[in-house]
Engineer: 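Got a structure for you, questions after.
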Amino acid sequence: MSDRFDATPPPLPPQPKPVPPIRRRGGGFGGFLRSLGRGINFVRLFILNVFFFGLLAAFLLAIYASNRTNAVDDKSVLVLAPEGQLVEQYSADPLSRAMGKLSGDGVKQVQVRDMVRAIDTAAKDDRISRIVLRPDKLAAGGFAALREVGAALDRFRAAGKPVLVWASSMEQGQYYLAAHADKIYLDPQGGVMATGLANYRLFYKDMLDRLGVQVHLFRVGQFKSAAEPFILDHASPESKEADGYWLGGLWDTWIGETAKLRHLDPAALRGDVDGFADRVQNAKGNLADLAKEEKLVDGIATEQQFVQMLRHEGVPAGKKDQGFRQVDLAGYLSATGLGTADLLQTSPGVTVVVAEGEITGGKQAQGSIGGESTAALIRTARLDRRTRALVLRVNSPGGEVYAAEQIRREVELTREAGIPVVVSMGDVAASGGYWISMNANRIYAEPNTITGSIGIFGMFFTVPDTLAKIGVKSDGVGTGGLAGAFDVTRPLDPKVGVLIQSIIDKGYRDFVGGVAKARGKDFAAIDAIAQGRVWTGEQAMQRGLVDKLGSLDDAIRDAAQEANLGKDYGVRYAEKPMGAFERFLTNVGDSSEAKVLMSWGVRLPSWVAELPKLAPEFALFRTAQAGKPNVYAYCFCSPR
């Protein structure tokens, strides 16, 4: 036996092989449900992935195709065919606009600034040879916005480039813009329908009486007629007198400017409009021939004939279904980067804050004015180091008094911070719209801006008779004379009427007193031209409510000069910042991607973009609060 130690361990005994688990066949009903669930989940994920990646691929292809479409070639024609209303700021959010574009039935709006920027840029762009304006689908609206775009067309023509119009038919608002062209052509089946201006409203007193609703109106101002439809079944004599004055002023401007642009005698043009029915009869109903005879248009041509005229003038042929080489507004904004110019503006200069729409309390969406949200925009602009001057672009008929006062205070604080504030009035800056404007360094208006309407009214609704119609009565006790007096189910206590009227009187004194202080006049002088009376911009300047007649560009230049910015300064619009997804949706809605997608059959149902439509007077009910007096500085003064 050896006594040497052997370190090699003995071999391990063989290990048994693992036994595989026993699998049952079928697994019963529970196994079937598990298999079914896995199958359904697989199909669900497959469908979602196909939909997501398919939609992503469609958007990427649309962007690629639109980038090719948006390229601006030499000798291109900029085609302006605005659909819907000209607005200072979109009222719909990016998602609604994108959905509307894809459904083809959304809120149709065109920003004035986009039109003006595109026209002014095209005037210096060697690739753009001319502009073709198609005003057929432009919705009737304010004349001040049309005047802004018309002035840009005049600058384009002054650069030596022609502006041509072709239209299937035109009403007087569309024609007011078309008159700025070198040549106007009309379809043989079309016409120019200029009939004058009107301001007719619906009156609801009889309906409210039948419903048993009692409307208690409290107002100051002999001509403050905004709420008359709730208490009368007809327009008051004071209302007709005031409306006739400012409407007449607007119509005088339309006649004078149109006649000048078309080289016509104003008296003859007015006579043609007043005798329109007889003249149509004498022309045997041929509106196109009548328009040419009256020299409102230069020629009569079908769209195909108009395209051939352009081709004969040296405009190259277009791509596929385009009769001539062209780029539309959305494509030109995209190709030149004008649509994102505000996002890239970083140099110090003038900040423009848009106040458009009704004035209501709290935070409101873009395209309407909120006491908190619009005030916050002005405050943010004031605290921004880039802001050396502020232009407040006002296009508003007014609204809630307290919300207007919140905004006015921010204007005042901005001036106190050493930043000059200039107001530029758009189509309308009346009542509450004037309230937010009055403390600016200077106020600009267009000759056909609607302004003034310095007055206050309040409404309180009670419904005891309405309840009585269905057998319901209100009864009980209170701890004091006014306890429960604002209960809408009870008749109005005379003491409540005295209380509300006192509040309204005080509001009017504040309004008139504030204007008097801002305009350097005494109370009596402003009271004499206030009383709720509406004026055109030209009439308002004659009465000292406006400093100068001019455009938004004039106001911006004035603000820059007031801030000693020289000639090299930036201009940017202060708006609620958008996230990346909102910017993406904005690009989808505003460029030609939507058109490309729709051409491929990607289209949403029309009901996606439907919005409720109410009579304008009932807009007041949206913000009226039951059980308290609602105080407004509002003007229903939109001509039609």
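Counting begins at 1 with the first residue of the sequence.
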Engineer: State, to 0.1 Å, how close Gly370 and Ile407 come at their nearest heavy-atom pair, and which atoms those are.
Structural biologist: O-CD1, 4.0 Å
Engineer: Taking NZ, NE, NH1 and NH2 as the nitrogens, is one of them in Asp510 or Lys506 under 4.0 Å from a carboxylate oxygen of the other?
Structural biologist: yes
Engineer: Can you tell if the side chain of Leu329 reaches within under 4.5 Å of the side chain of Met115, non-hydrogen atoms only?
Structural biologist: yes
Engineer: Would Ile504 and Phe457 count as a side-chain contact (heavy atoms from CB on, under 4.5 Å) here? Give the steps.
Structural biologist: CA-CA 6 Å; Ile504 300 301; Phe457 70 92; 5.7 Å; no
Engineer: Could you tell me the separation between the CD1 atom of Ile529 and the CZ atom of Arg519, rounded to the nearest 0.5 Å?
Structural biologist: 9.0 Å
Engineer: Is there a side-chain contact between Leu80 and Ile119 (heavy atoms, below 4.5 Å)?
Structural biologist: yes
Engineer: Could you pull out the closest heavy-atom pair between Ile443 and Met425, with the gap in Å?
Structural biologist: CG2-CE, 3.6 Å
Engineer: Okay, side chain of Asn441, backbone of Val422: is any donor-acceptor separation there less than 3.5 Å?
Structural biologist: no
Engineer: Please report the interatomic distance CG(Leu377) to OG1(Thr351), rounded to the nearest 0.5 Å.
Structural biologist: 11.0 Å
Engineer: Any ion pair linking Arg219 and Glu238 (charged N to carboxylate O, less than 4.0 Å)?
Structural biologist: no
Engineer: Checking the side chain of Glu356 only, and the main-chain atoms of Gln89 only, is there a donor and an acceptor separated by less than 3.5 Å?
Structural biologist: yes
Engineer: Any ion pair linking Asp554 and Arg557 (charged N to carboxylate O, less than 4.0 Å)?
Structural biologist: yes
Engineer: May I ask you to decide if Ser453's main-chain N or O and Ser431's side chain share a donor-acceptor pair within less than 3.5 Å?
Structural biologist: yes
Engineer: Within this structure, what is the CZ-CD distance for the pair Arg147 and Glu257, rounded to the nearest 0.5 Å?
Structural biologist: 4.0 Å
Engineer: Check Asn439 against Ala518 and note the closest heavy-atom contact, atom names and distance.
Structural biologist: ND2-CB, 4.2 Å
Engineer: Would you call Glu575 and Arg113 a salt bridge, taking side-chain N to carboxylate O under 4.0 Å as the test?
Structural biologist: yes
Engineer: For Trp535 and Tyr245, take the angle between the two ring planes, folded into 0 to 90°, and tell me which bin it lands in: parallel under 30, tilted 30 to 60, perpendicular over 60.
Structural biologist: perpendicular
Engineer: Using side-chain heavy atoms (C-beta onward) and a distance below 4.5 Å, is Trp246 in contact with Leu197?
Structural biologist: no
Engineer: Can any side-chain N or O of Thr387 pair as donor or acceptor with the backbone N or O of Ala381 at less than 3.5 Å?
Structural biologist: yes
Engineer: Sub-3.5 Å donor-acceptor pair from the side chain of Asn395 to the main-chain atoms of Asp427, do we have one?
Structural biologist: yes
Engineer: Give a yes or no on whether Gln561 atom CD has more than 12 heavy-atom contacts from other residues, nucleotides or ligands under 6.0 Å away.
Structural biologist: no
Engineer: Is any side-chain heavy atom of Leu413 closer than 4.5 Å to one of Glu416?
Structural biologist: yes
Engineer: OG of Ser551 to CD1 of Ile556: how many Å apart, nearest 0.5 Å?
Structural biologist: 8.0 Å
Engineer: Stepwise, does the side-chain contact (heavy atoms from CB on, under 4.5 Å) test hold for Arg393 with Ser424?
Structural biologist: CA-CA 5 Å; Arg393 177 66 167 180; Ser424 170; 2.6 Å; yes
Engineer: Rounded to the nearest 0.5 Å, what separation is found between the CG atom of Asn199 and the OG atom of Ser239?
Structural biologist: 7.5 Å
Engineer: Can you list every salt bridge (Lys or Arg N to Asp or Glu O under 4.0 Å) pair that touches residues 520-542, not counting sequence neighbours?
Structural biologist: Glu241-Arg533
Engineer: Quick check: does any side chain N or O of Ser396 sit under 3.5 Å from a backbone N or O of Gly398, one acting as donor and the other as acceptor?
Structural biologist: yes
Engineer: Could you please spell out the steps behind the side-chain contact (heavy atoms from CB on, under 4.5 Å) verdict for Leu146 and Leu138?
Structural biologist: CA-CA 10 Å; Leu146 295 172; Leu138 179 63; 3.6 Å; yes
Engineer: Would you say that Val163 contacts Phe156 through its side chain, given a criterion of any heavy-atom pair below 4.5 Å between the two side chains?
Structural biologist: yes
Engineer: Considering all heavy atoms of both residues, which atom of Val512 and which atom of Ala530 are nearest to each other, and what is their separation?
Structural biologist: CG2-CB, 4.2 Å
Engineer: How long is the gap from CG on Leu217 to CD on Gln501, to the nearest 0.5 Å?
Structural biologist: 8.5 Å
Engineer: Do the side chain of Glu83 and the main chain of Lys108 share a donor and acceptor less than 3.5 angstrom apart?
Structural biologist: no
Engineer: Can you see which heavy atom on Ala118 is nearest to which on Leu78, and at what distance?
Structural biologist: O-CD2, 4.1 Å
Engineer: Would you mind listing every ring-ring contact (aromatic ring centres under 6.0 Å, His included) that reaches into residues 374-409, with sequence neighbours excluded?
Structural biologist: none
Engineer: Work out which heavy atom in Arg415 is nearest to a heavy atom in Ala440; give both atom names and the distance.
Structural biologist: NH1-O, 3.4 Å
Engineer: Do Asp114 and Leu338 touch side chain to side chain, with heavy atoms closer than 4.5 Å?
Structural biologist: no
Engineer: Between the side chain of Tyr434 and the main-chain N/O of Leu545, is any donor-acceptor distance below 3.5 Å?
Structural biologist: yes
Engineer: Mind running side-chain contact (heavy atoms from CB on, under 4.5 Å) on Leu565 and Val350 for me, showing each step along the way?
Structural biologist: CA-CA 9 Å; Leu565 289 175; Val350 179; 3.9 Å; yes
Engineer: Determine, for Arg408 against Glu405, whether the closest basic-nitrogen to carboxylate-oxygen distance falls under 4.0 angstrom.
Structural biologist: yes
Engineer: With side chains defined as the heavy atoms from C-beta onward, is the minimum distance between Tyr444 and Val391 less than 4.5 Å?
Structural biologist: no
Engineer: Would Tyr508 and Gln531 count as a side chain to side chain donor-acceptor pair (under 3.5 Å) if you check the C-alpha gap in whole Å, the side-chain angles of each, and the deciding distance to 0.1 Å?
Structural biologist: CA-CA 9 Å; Tyr508 181 75; Gln531 297 293 322; 3.3 Å; yes
Engineer: For the pair Phe218 and Phe460, evaluate ring-ring contact (aromatic ring centres under 6.0 Å, His included) and give the outcome as yes or no after the intermediate values.
Structural biologist: CA-CA 8 Å; Phe218 307 89; Phe460 187 70; 7.9 Å; no
Engineer: Kindly indicate whether the side chain of Ile436, heavy atoms from C-beta on, has any atom under 4.5 Å from the side chain of Val411.
Structural biologist: no
Engineer: Which pairs pass side chain to side chain donor-acceptor pair (under 3.5 Å) with one or both residues in residues 372-384, sequence neighbours excluded?
Structural biologist: Arg379-Glu410, Arg382-Glu410, Arg382-Thr414, Asp384-Arg386, Asp384-Arg572
Engineer: Any salt bridge linking Arg442 with Glu562? Criterion: basic side-chain nitrogen under 4.0 Å from a carboxylate oxygen.
Structural biologist: yes
Engineer: Mind checking whether Trp254 and Trp251 have parallel, tilted or perpendicular rings, split at 30° and 60°?
Structural biologist: parallel
